[in-house]
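Keep in mind that this is a model prediction, so the values were computed, not measured.
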Amino acid sequence: METNAVKVTIWGMTVGYLSWDRQSGVASFEYEPLFVKQGLDIFPLTMSIHSPRSQTNIPWLGDRDKLYQGLPPAIADSLPDKWGNSLFRSWLRDNKISIKKTTPIDHLSFIGSRAMGALEFEPAQQLGDENSFSVDVKRLYEFAKQVLSERTSIVLSRENSILWQDLIKISTSPGGKRPKAIVAINRETGDVISGQSSVPDGYEHFILKYDDDSVYPYAKLEYVYYQMASLAGIEIMPSELRTYGNISHFLTRRFDRRDNQRIHTQTLAAMSPASSSYEDIFAVIRQLNLPFEDVRQQFLRMVFNAVACNVDDHSKNFAFCMSPDGLWRLSPAYDLTFSVDLAAPSYVNRHSLTVNGKDEDITRADLVKVGETNDIQDNNALIDNVLNAVMQFEKFAAELDLERSLIDMIMKSFYLLKK
């Protein structure tokens, strides 16, 4: 591949140019002057168009932190996480392309127009027909498991070659460590097609999170948490369980698509790389001058993660969205689920972001203090809303026939319910 530079675009406009310096191992980004003049500040806290650097056309350099892979944080957000990276490495291996010689710029070129959010990258690696195609969920997931379990290259028969292209198109762009696919679903017929590009009328954009039910009921647990979050008043995209081949998978509507319009999205990791606490999220909300409702929403999410033991609350699991008219808002909540490793020691199960300086044993007093600091007058009532919603865990889990032993173990982890 060895692509040294890409053009970054958004909504048909050229944002700028990203190039890779092999000697230093970092990228540099330079705005297109015409884009700066248009006044659309898509990276307001890390590479603002209003900064002297952007106004004088001085390049922005990438971040060497492992999370950003030498790219500017705002652009590194377009790279996938564990699942997408694993598929990309497998694709390189089976196409006899050196992983060592492949740069993050190559990876962006490979993603092209399939990135989450609204950013696109040119030139893009073409993967056959980019139009939507029918998706056999069960068959494609079985092939994905085969790809990731093989230590040597799979035999690229004609059938496998087609499956490879299908898998790469719908599974290499989303973030997170769990296997997932970008699809679109017809509400009337239930048909599933790829969702990496524009979709026909009658289809809605979804993320499908695979679950083989073999060890741990990831999909069912995330659906239970979706139900609890909704009950608590947390804004979260409509989600559901669907069964393919006797296996339940979790599907959630995408918030970075409105019909076929792309919504620009930046995670907390991209917006504020140094953030390490929930208080930092509130600081970003203030910097973006978001409405107070977003402050209350973020407080609910902080409380929910503390009460329901979602310790996988790292900086890529919070995001902000900007519409084409330049208006920023807190994104809907996502990736809410029970993430405590019940077999691991307690120090493994600490929250990724701190609350009142604590990453474990978070109390109601800690939550109240953060609420008061951010002028949330009804913080106790909001905490009670979350507590009442999480108390429905047993009911929701039983309705999905989760094992009694698992239900009991998870409920024992909800220490704040006992206080």
Side-chain angles (χ1 to χ4, degrees), residues 81 83 116-117 135 137-138 141 170-171 173-196 199 202-213 216-259 263 265 267 297-298 300-301 303-305 307-310 312-313 316-319 321 329-339 385-386 389-390 392-402 407 410:
D81 296 314
W83 166 247
M116 306 298 286
V135 173
V137 175
K138 181 178 183 297
Y141 180 52
I170 68 174
S171 298
S173 59
K177 59 185 178 182
R178 281 179 52 199
K180 59 193 65 167
I182 301 300
V183 299
I185 297 176
N186 187 303
R187 280 295 185 189
E188 293 186 4
T189 65
D191 291 343
V192 182
I193 63 174
S194 62
Q196 87 284 358
V199 300
Y203 284 83
E204 296 176 325
H205 292 271
F206 276 82
I207 295 177
L208 183 152
K209 296 186 177 182
Y210 294 118
D211 189 1
D212 61 10
D213 289 339
Y216 193 76
Y218 290 105
K220 290 181 179 179
L221 269 178
E222 188 161 359
Y223 185 68
V224 168
Y225 270 59
Y226 160 73
Q227 291 176 293
M228 294 191 302
S230 298
L231 191 60
I234 293 172
E235 182 188 356
I236 189 168
M237 296 301 287
S239 304
E240 60 190 79
L241 287 174
R242 287 207 174 202
T243 301
Y244 301 95
N246 298 320
I247 296 174
S248 297
H249 302 286
F250 180 78
L251 289 109
T252 185
R253 280 264 304 275
R254 292 176 65 177
F255 59 76
D256 67 330
R257 296 290 184 271
R258 189 170 298 133
D259 296 325
I263 306 300
T265 304
T267 67
Q297 269 294 315
Q298 184 51 48
L300 282 171
R301 299 172 198 189
V303 175
F304 185 87
N305 286 342
V307 173
C309 297
N310 177 24
D312 191 35
D313 48 355
K316 294 200 75 173
N317 276 346
F318 302 90
C321 296
R329 291 297 303 267
L330 183 70
S331 82
Y334 58 98
D335 284 356
L336 300 181
T337 192
F338 182 76
S339 53
N385 286 348
V386 174
V390 176
Q392 301 303 308
F393 173 82
E394 183 176 16
K395 171 180 175 291
F396 291 145
E399 289 173 350
L400 294 178
D401 295 322
L402 294 183
I407 293 175
I410 290 177

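What you find for S194 and V199 is that their closest heavy atoms are O-CG1, 3.9 Å. The two residues D211 and A219 come nearest to each other via the heavy atoms OD2-N, 2.7 Å. The two atoms that bring C309 and F338 nearest to each other are CB-CE1, 3.8 Å, heavy atoms only.
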Walk me through whether N385 and F304 qualify under side-chain contact (heavy atoms from CB on, under 4.5 Å). CA-CA 10 Å; N385 286 348; F304 185 87; over 6 Å; no

Does Y334 form a side-chain contact (heavy atoms from CB on, under 4.5 Å) with I207? I'd like the steps, not just the answer. CA-CA 11 Å; Y334 58 98; I207 295 177; over 6 Å; no

Please lay out, stage by stage, how Y210 and I247 fare under the test side-chain contact (heavy atoms from CB on, under 4.5 Å). CA-CA 9 Å; Y210 294 118; I247 296 174; over 6 Å; no

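Of the candidates D312, N317, N310, N310 is the only one forming a side-chain hydrogen bond (donor to acceptor under 3.5 Å, both in side chains) with S339.
Distance OH/Y226 to CZ/F396: 10.5 Å, rounded to 0.5 Å. Taken to the nearest 0.5 Å, the OH atom of Y223 stands 9.0 Å off from the CD atom of E399. A distance of 10.0 Å separates OG in S331 from CD in Q297, rounded to the nearest 0.5 Å. To the nearest 0.5 Å, atom CD1 of residue I182 and atom CG of residue D256 are 7.5 Å apart. One distance of note links NE2 of H205 with CZ of R253; it measures 9.5 Å at 0.5 Å rounding. Between M116 atom CE and T265 atom OG1 the span is 8.0 Å, to the nearest 0.5 Å.
Looking only at side-chain heavy atoms (C-beta outward), I410 and L402 stay at 4.5 Å or farther from each other. V386 places none of its side-chain heavy atoms less than 4.5 Å from the side chain of M228. Residues L221 and Y216 have side chains in contact (heavy-atom distance under 4.5 Å, counting atoms from C-beta outward). Counting only heavy atoms from C-beta outward, the side chains of Q227 and Q392 never approach each other to under 4.5 Å. For the pair L330/F318, no side-chain contact is recorded, criterion being any heavy-atom separation below 4.5 Å from C-beta on. At a threshold of 4.5 Å between non-hydrogen side-chain atoms, the residues D191 and Y203 count as touching.
In this structure, F250 has no ring-ring contact (aromatic ring centres under 6.0 Å, His included) partners at least two apart in sequence or on a different chain.
A salt bridge between D81 and K180 is absent, with no side-chain N of the basic residue lying under 4.0 Å from a carboxylate O of the acidic one.
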Side-chain atoms of residues 231-241: list all donor-acceptor pairs with protein atoms under 3.5 Å, sequence neighbours left out, distances to 0.1 Å.
| residue | atom | partner | partner atom | Å |
| --- | --- | --- | --- | --- |
| S239 | OG | M237 | O | 2.9 |
| S239 | OG | T252 | OG1 | 2.8 |
| E240 | OE1 | R187 | NH1 | 2.8 |
| E240 | OE1 | R187 | NH2 | 3.2 |
| E240 | OE2 | R242 | NE | 2.6 |
| E240 | OE2 | R242 | NH2 | 3.4 |

